[in-house]
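Please read the structure below before turning to the comments.
Basis for what follows: all heavy atoms, side chains included, without hydrogens, waters or symmetry-related copies. So you know, we letter chains A, B, ... as the sequences are listed, proteins then strands, and number each from 1.
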Amino acid sequence: MEFKVAGGRRTSFGDASDVGGVQSRLSFYSNSSDVDVSLEDFEQFAMDRLRVLKGIEEGRTRGRKAEEIDALVVDLWRKHMRTPNAADIATKDMVSHFVLRLAYCRTEELRRWFLAMESALFRARFRAESPESQRKFMEDQKLPYKAISSTEFESVKEKLGQVARSLNQPVPTADNTFYKVPFEEVPELVSARRVYLQRGFAFVPRDQLASIVVGQFRARLSKALALTNRLWTSTIAVEEKDRLTPIVEALSMRYLGADYSQPSKGFVGLQDLDNLAKNSFPLCMRHLFFNLRHEHHLKFGGRQQLGLFLKGIGLKLEDALNFWRSEFTVKLIRRLYILNLPRWLVEVVQMTTEKFDKEYGYSIRHNFGKEGKRVDYTPYSCMKIITSTPGVGDHHGCPYRHFSQENLRSVLEDQQLSSRTVDAVMEKVRNRHYQLACATTFEAIHGCPSDGINHPNQYFEQSRRALQGGGQAENTSSSNGLQSVPLPAHHDPPHPVERGTLPIPGP
Amino acid sequence: MEVDEGSAATSTAGQPMEVDGNPNPAPPAQQNEFSPDYLKLYYGRLFPYADMHKWLSYGHDGKHTGCDASFFSRREFSFTLEHDIYLRYLSFHDASTMEAAIREKCPYKIDIGAVYNVDPSKRTAYSNVGGDKVFSPAERELVFDVDMTDYDDIRSCCSGADICLSCWPLMTVAIKVIDTALRDDFGFEHILWVYSGRRGVHCWVCDPRARRLTNEQRSSIADYFRVCKGSEMNGKKVALTGPALHPSLLRAYTEVLKQYFEEKILLNQSLLASEQNFGKVLDMVPDESVRSQMRNKWHSSLPSKDEVNSKRWKQLKQLLEQGKSKGQVLRRCVEEIVFAYTYPRLDMEVSKHMNHLLKAPFCVHPKTGRVCVPIDPNNCEAFNPMQVPTLPQLMDELNRDDTASGQKQKDWERTSLASSIQYFKQSFLDPLARTNKAELESSHRAKLQEMASRPSLNW
């Protein structure tokens, strides 16, 4: 796609092959037309789309179901993507998508976020279309899915019925249309066992058709993002360094808020950890920390979640290595005592420390960007933690989301929270407001309001501020996290954004 | 990455070994002893290099014009040497360079990684991000890792690295359930199951379609097999909703799980005999009246020891099924308990990412000295991990037959490894070779067509 930015030269945005044809309202954003767009619109459109995507993210962190997300998206789209002239919506859709594609192509983390949100957006928009226009869209995009014959339906009817009933849905009849597609095309349906699989083919009911199309959308966008990234680094960033680059870079900062890859201030020493864990860690980290102290062991997911958090609050690499080493070797040595092998003990201690350095040390140094790809990994956000899927033996994840009610309640009671507070927290959990539940806990413990919790490291920083007094003094962010526009990246990372309260840029 | 807790102790336990001058040191008294010298001999005389190369070449070692000669050399290997020295991103041009490297380094463990877009040993040359070829995995078998340690919360016979014949049926169940689903649900055919040498099993799915899956598709398959959820702090490990089971779960339940639960696990693990154990089972029942009813009953009466488990299971089942009137919640509960105690538990991370490494078949586990032999899924109930050939045993067999020589047999044919290698060749490599050929031809045709109609490069 090419944009002719008013008063500037053209910037290439994609393959400019197919121009003709009436635009369907939906798009895979692969063919495109040339558009004239002012620098202001360039940014404004992107901001509006970002509002939609952020709204979707918020819905997801609250654990909303797919259907609820669909409804939410329709609302958000209507609210933010409206244009004075209805005919311009398609342009706005195109422009905003491609601008954000540029903004979010640059790191793995950004790409993953953008891909997830755009796919959710696309799914909801697709599902909102009439069956007729869905069919037309699929034809236009050359997605040649044919419904299965009634003979084939009869042969798998029983199985399709079992799938439907396992999902609490009505049993399908011959009137229901099913499509037979390679299972690779519907990963989401496979994950959740929402389809019947037979020798490599998934039987997709009509109302899940969106999954097939979204699968295609995802796959294409994922490829395009990788390609865009390559072009961005090789040419666009330099060519556009005075004009688009600052806008684009600022746009991606806006979503992330602070990423906490660097501790905001000072460092934390090993000797302070227990104290800090007790007073200033959010529940998810507290649980991991004390579990580690107690069991001297954590599985991979827990090590990552806690390890990156500790990095974010300012634990230095050396200290981190010492911390984990001492925890894990305690366990090893203890086991060896049980084995009753005292004469090897000296060697054993050496071995275990060495073993630690090889097996765990690597991943810790890796997280600090000292091994492998040498990327400085960022601590997990609430979104990432809430959407994680801890399994048997795991302790990571979000306690508000992943603990059973009884366990959560007893953990909260251990924190000396009043029963009224605990009830308030549990109420929020039942409504799937996990972050609000966390904020309520914060407020009860600290006796002061919180700015909202989007990130465990933000919880930590708020807690330190509150406990060290002068709580509100440096609070520049709160509701107005996103300042308006063209700015080079803030040298001080902006504070995490209160969800859903993007300011409207001034006239 | 999990630390092998036992390793530090045993790896210092090696006894002084005979020197290199003697090619056939006598086996020590203990049958499980592992020694670097034996390993050297094993790599020298028994390790099936040619078969491994044939497997991992997927037909690209032939003369077909569609062959990609660089295919095998783009495969990542990694060695773990003595004292845990770890070498990643190794690659070999062909079978003989692989053999030479393995003989020379004598690795305690060989891992197989992905096939990359460029030779992994030259990856740094391509590491500049802007370049056209960023070092990245191009294809990879779909792999699964089932490890007994993930069952620790339901095992009472042993824990951690230990296994015994009481808990091994859990692995048999895992093989049966996953193997059937991979074939019937996903349509895969070339599936290799391997004993991990100590406490688990590995699975390699080698169909062309499986090797080309994206990470996302791999995750979806791993999730498809994920029934036991719930982290440590979430009491309920299995939650089945809806008035029916998904066909794949139903098949697992009726064909495998139910029988193994009632005939093996329930008894082997003595799930309902002691209060500690039946407490865990009852915790999965969401109805307090059923729980207390059972607790009281089981407290007061003590049936004879042998029958206690099945008797109590019958009682519980009966009560739960009567509770049908209370809605599906209780009805599902019988199944939920069975699933929680038998359904396979995968190490998800291993399956989800193309670049994850997995130990090669025919390695020798340095702690047990046992060879990682293939397991025939059609006969996996007969597999006994305690009878897998060990290094000393194999050396013994080699020695014995050396003296009575005269036959023109290959070394491996004279050992108890014979049936394993035979299985690998006939039941895995031969069918795979036919698929490889068809695959090469069709992809070659496709390539020719694509070249004929290649569009200009655009983004």
Side-chain angles (χ1 to χ4, degrees), chain A residues 14-15 17 159 161-163 165-168 183-184 187-188 190-193 196-201 218 224 227-228 230-231 233-234 287 300 328 331-332 335-336 339 341 344 347-348 351-352 354-356 358-360 363 389-397 399 402-404 406-407 411, chain B residues 1-9 11-13 83-86 129-130 132 134 149-153 160 181 183-188 209 213-214 216-217 219-221 223-224 226 228-237 240-250 345 348-349 458-459:
Chain A
D15 123 39
S17 52
K159 309 281 182 189
Q162 285 166 2
V163 175
R165 291 172 61 222
S166 77
L167 300 166
N168 271 322
F183 77 85
E184 288 96 332
E188 312 164 304
V190 172
S191 291
R193 275 181 296 235
Y196 171 55
L197 291 181
Q198 189 193 56
R199 306 207 70 82
F201 288 96
R218 259 191 94 93
L227 215 49
T228 311
R230 224 173 283 166
L231 277 166
T233 31
S234 62
H287 176 65
F300 178 77
F328 277 87
K331 178 170 188 189
L332 294 173
R335 292 222 161 177
L336 295 164
L339 289 177
L341 303 169
W344 289 330
E347 276 173 80
V348 155
M351 286 294 295
T352 48
E354 262 176 44
K355 192 165 183 63
F356 170 86
K358 284 206 191 78
E359 303 203 1
Y360 290 113
S363 77
T389 49
V392 176
D394 277 331
H395 286 276
H396 65 276
H402 296 114
F403 283 16
S404 66
E406 302 90 80
N407 281 332
V411 169
Chain B
M1 209 174 356
E2 289 295 316
V3 163
D4 263 333
E5 280 90 358
S7 66
S11 53
T12 51
H83 306 306
D84 285 329
I85 296 165
Y86 193 44
V129 182
D132 209 30
V134 185
T149 45
D150 287 325
Y151 292 81
D152 274 356
D153 61 316
R183 290 171 204 274
D184 293 359
D185 300 353
F186 292 96
F188 295 128
R209 212 171 149 182
L213 293 170
T214 63
E216 193 195 6
Q217 290 159 343
S219 299
S220 76
I221 298 175
D223 284 335
Y224 185 79
R226 186 163 181 267
C228 300
K229 298 184 193 184
S231 56
E232 282 306 290
M233 295 295 279
N234 193 337
K236 205 162 184 186
K237 296 212 173 354
L240 303 168
T241 52
L245 288 176
H246 184 278
S248 182
L249 299 186
L250 182 64
R345 300 176 176 193
M348 306 283 287
E349 294 305 314
N458 260 319
W459 61 289

Q) Would you say the side chain of Leu197(A) lies within less than 4.5 Å of the side chain of Ser248(B), judging by non-hydrogen atoms? A) no

**Q.** Leu213(B) portion near chain A, given a 4.5 angstrom heavy-atom threshold
**A.** side chain

Q) Are the side chains of Asp150(B) and Val392(A) in touch, meaning some heavy atoms are under 4.5 Å apart? A) no

Q) Is there a donor-acceptor pair under 3.5 Å between the side chain of Gln217(B) and the backbone N or O of Glu184(A)? A) yes

Q | Least distance between heavy atoms, Ser220(B) atom then Val190(A) atom | A | O-CG1, 3.7 Å

Q. Atom CG of Leu249(B) and atom OG of Ser166(A): how far apart are they, to the nearest 0.5 Å?
A. 8.0 Å

Q. Side-chain contact, heavy-atom cut-off 4.5 Å: Asp185(B) with Phe183(A)?
A. no

Q | Gln162(A) to Leu245(B) - nearest heavy-atom pair and separation | A | CB-O, 3.7 Å

Q. What's the verdict on side chain to side chain contact (heavy atoms under 4.5 Å, CB included) for Gln198(A) and Asp184(B), showing C-alpha distance, side-chain angles and the deciding distance?
A. CA-CA 6 Å; Gln198(A) 189 193 56; Asp184(B) 293 359; over 6 Å; no

Q | Heavy-atom pair with the smallest gap, counting every atom of Thr389(A) and Arg226(B) | A | O-NH2, 3.0 Å

Q) Considering all heavy atoms of both residues, which atom of Arg193(A) and which atom of His246(B) are nearest to each other, and what is their separation? A) O-CD2, 3.2 Å

Q) With a 4.5 angstrom heavy-atom cut-off, which part of Tyr224(B) approaches chain A: side chain, backbone, both or neither? A) both

Q. CG/Leu250(B) to NZ/Lys159(A) distance, rounded to the nearest 0.5 angstrom?
A. 7.0 Å

